[in-house]
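Accompanying notes for the structure given below.
Counting starts at 1 for both ligands and their atoms, in listed order.
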Amino acid sequence: MTNIELLEYAKKARENAQVDLSGFKVGAALLLKSGEVICGCNIEDPSGIGITNVCAERCAIIKALSEGQRDFDKIAVVGGADKLIFCPPCGACRQYLQSWCPDIKIILSDNETIKEYSIKDLLPHSFNEEF
Ligand code: ZN
């Protein structure tokens, strides 16, 4: 699957974001090595308690893990309020990606340009299984 195709899944997932508080919608599409795509979106807690919010990336990874999937190829992430901007994973998601899928490729796009990163690019010197 091409990065452009995977980004389309992420854009579709973004439509389901629950973001009444911020209006900042994020979608993620996680490509498994089997070819299956598992999507996620950000979900804000209506109470406004930030720690209970769930990011799109972790939503997709948790869905995959809960289905017994562990072999990840790449994840596409798109986000923005009115228009798409580059939306790199937050710190918590970077650690989650490092912990569960350290070899994954991370695909970002602002709808014009596509950038690809490894988790080592985004979270150098991370806490990992070596510790
Ligand atoms: Zn996050």
Would the number of heavy atoms belonging to other residues, nucleotides or ligands and lying under 6.0 Å from [atom1] of [X] be above 12?
X: F72; atom1: CZ; answer: yes
X: I85; atom1: CD1; answer: yes
X: K11; atom1: NZ; answer: yes

Quick one: how many protein N/O/S atoms are under 2.8 Å away from the Zn ion (ligand 1)? 3
Is NZ or CZ of K115 both nearer than 6.0 Å to the six-membered ring centre of F86 and within 45° of the ring axis? yes
Just by distance, no angles: are the side chains of S126 and Q95 close enough, under 3.5 Å, to form a donor-acceptor pair?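 Per modelled atom types, S126 and Q95 side chains form no pair under 3.5 Å.
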Do N3 and K105 meet the criterion of a side-chain donor-acceptor pair at a distance under 3.5 Å?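 There is no such pair between these side chains.
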